[in-house]
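We number each residue from 1, following the sequence as shown.
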Amino acid sequence: MSVDRVDVLGGGEEKAADAAVTMAATAAAVPYYPVAPGVRLNVRSGPGTSYPIIKVLSEGIRVAIYCQTPGTRVTGPYGTTNIWDNIASGEYVSDAYVRTGSDGYVRPRCSS
């Protein structure tokens with residue numbers, strides 16, 4: 001009969017390992033999309049042009065889209081749309097400037 005060795009992590013180490021696995025799975029699950037070439041894209045605090053600009057993204061960047069929501073209709077390099085992409089907590093960009101390969105929703109709707 002053989003016995004396999006099992007390593008047991010302590011409480012803190014186990015929680016840290018679980019958190020690392022969760023973070024890696026979350027990062028892998030969120031796709032990144034390119035912003036239109038030559039565009040410095042305004043990032044707003046909400047899904048519309050009436051929300052304040054909180055920063056500007058540099059040219060050539062790719063953005064993670066966590067969820068999408070309707071907002072102000074915008075015309076850009078990739079058409080006219082009212083879809084806004086949530087790229088971080090409290091940060092939105094118009095989908096008209098992000099190449100998602102679709103005229104519709106490609107990510108889940110943002111919850112209220």
Side-chain angles (χ1 to χ4, degrees):
M1 172 165 107
S2 67
V3 176
D4 293 329
R5 181 172 176 228
V6 176
D7 290 327
V8 177
L9 298 174
E13 293 168 339
E14 184 175 334
K15 288 179 185 175
D18 287 345
V21 168
T22 300
M23 286 174 43
T26 300
V30 178
Y32 281 74
Y33 299 91
V35 170
V39 171
R40 296 186 67 230
L41 187 57
N42 292 335
V43 178
R44 296 185 179 270
S45 62
T49 55
S50 63
Y51 289 89
I53 297 170
I54 55 176
K55 67 181 177 182
V56 179
L57 300 178
S58 2
E59 293 181 29
I61 197 161
R62 295 174 64 86
V63 293
I65 299 177
Y66 294 95
C67 61
Q68 295 176 299
T69 192
T72 306
R73 185 171 281 299
V74 173
T75 298
Y78 300 117
T80 300
T81 185
N82 72 333
I83 298 173
W84 284 74
D85 304 329
N86 175 252
I87 62 168
S89 180
E91 297 184 6
Y92 295 84
V93 296
S94 172
D95 196 62
Y97 289 88
V98 181
R99 191 180 76 211
T100 61
S102 173
D103 289 337
Y105 288 86
V106 296
R107 300 290 294 147
R109 294 265 183 131
C110 300
S111 57
S112 302

* Structure fact -> Closest non-hydrogen contact found for Arg73 with Thr80 is CG-CG2, 3.5 Å
* Of all pairs that satisfy disulfide (SG to SG under 2.5 Å), the ones with a partner from residues 56-92, not counting sequence neighbours -> Cys67-Cys110
* Shared hydrophobic cluster, Tyr51 / Trp84 (ILVMFWY, side-chain heavy atoms < 4.5 Å) -> no
* Which atom of Tyr78 lies closest to which atom of Pro37, heavy atoms considered -> OH-CD, 3.6 Å
* **Main-chain N/O of Thr49 paired with Arg44 side-chain donor or acceptor, under 3.5 Å** => yes
* How far apart are the closest heavy atoms of Glu59 and Gly38, and which atoms are they? -> OE1-CA, 3.6 Å
* **Nearest heavy atoms of Pro47 and Thr69, plus distance in Å** => CB-CG2, 3.5 Å
* Structure fact -> Residue pairs meeting salt bridge (Lys or Arg N to Asp or Glu O under 4.0 Å), one or both in residues 82-94, sequence neighbours left out, come to Lys55-Glu91
* **Same apolar cluster (I L V M F W Y, side chains within < 4.5 Å links), Tyr33/Ile87** => yes
* Structure fact -> Note: Gly90 and Ile54 closest approach over all heavy atoms is O-CD1, 3.5 Å
* Asked: Is the shortest heavy-atom distance from the side chain of Tyr97 to the side chain of Asn42 under 4.5 Å?
  -> no
* Is Val39 reachable from Ile61 through a run of hydrophobic residues whose side-chain heavy atoms are each under 4.5 Å from the next? -> yes
* Asked: Hey, mind stepping through Tyr105 and Ile83 against side chain to side chain contact (heavy atoms under 4.5 Å, CB included) and telling me if it holds?
  -> CA-CA 7 Å; Tyr105 288 86; Ile83 298 173; 3.9 Å; yes
* To do: Grab the two heavy atoms, one from Pro34 and one from Arg62, that are nearest each other, plus how far apart they are.
  => CD-NH1, 3.8 Å
* Structure fact -> OG1 (Thr100) and CG (Asp95) are apart, to the nearest 0.5 Å, by 4.5 Å
* Asked: In Å, rounded to the nearest 0.5 Å, how long is the span from CG of Leu41 to OG of Ser94?
  -> 7.5 Å
* Could you check Val30 against Tyr66 for side chain to side chain contact (heavy atoms under 4.5 Å, CB included), going step by step and ending with a plain yes or no? => CA-CA 6 Å; Val30 178; Tyr66 294 95; 3.6 Å; yes
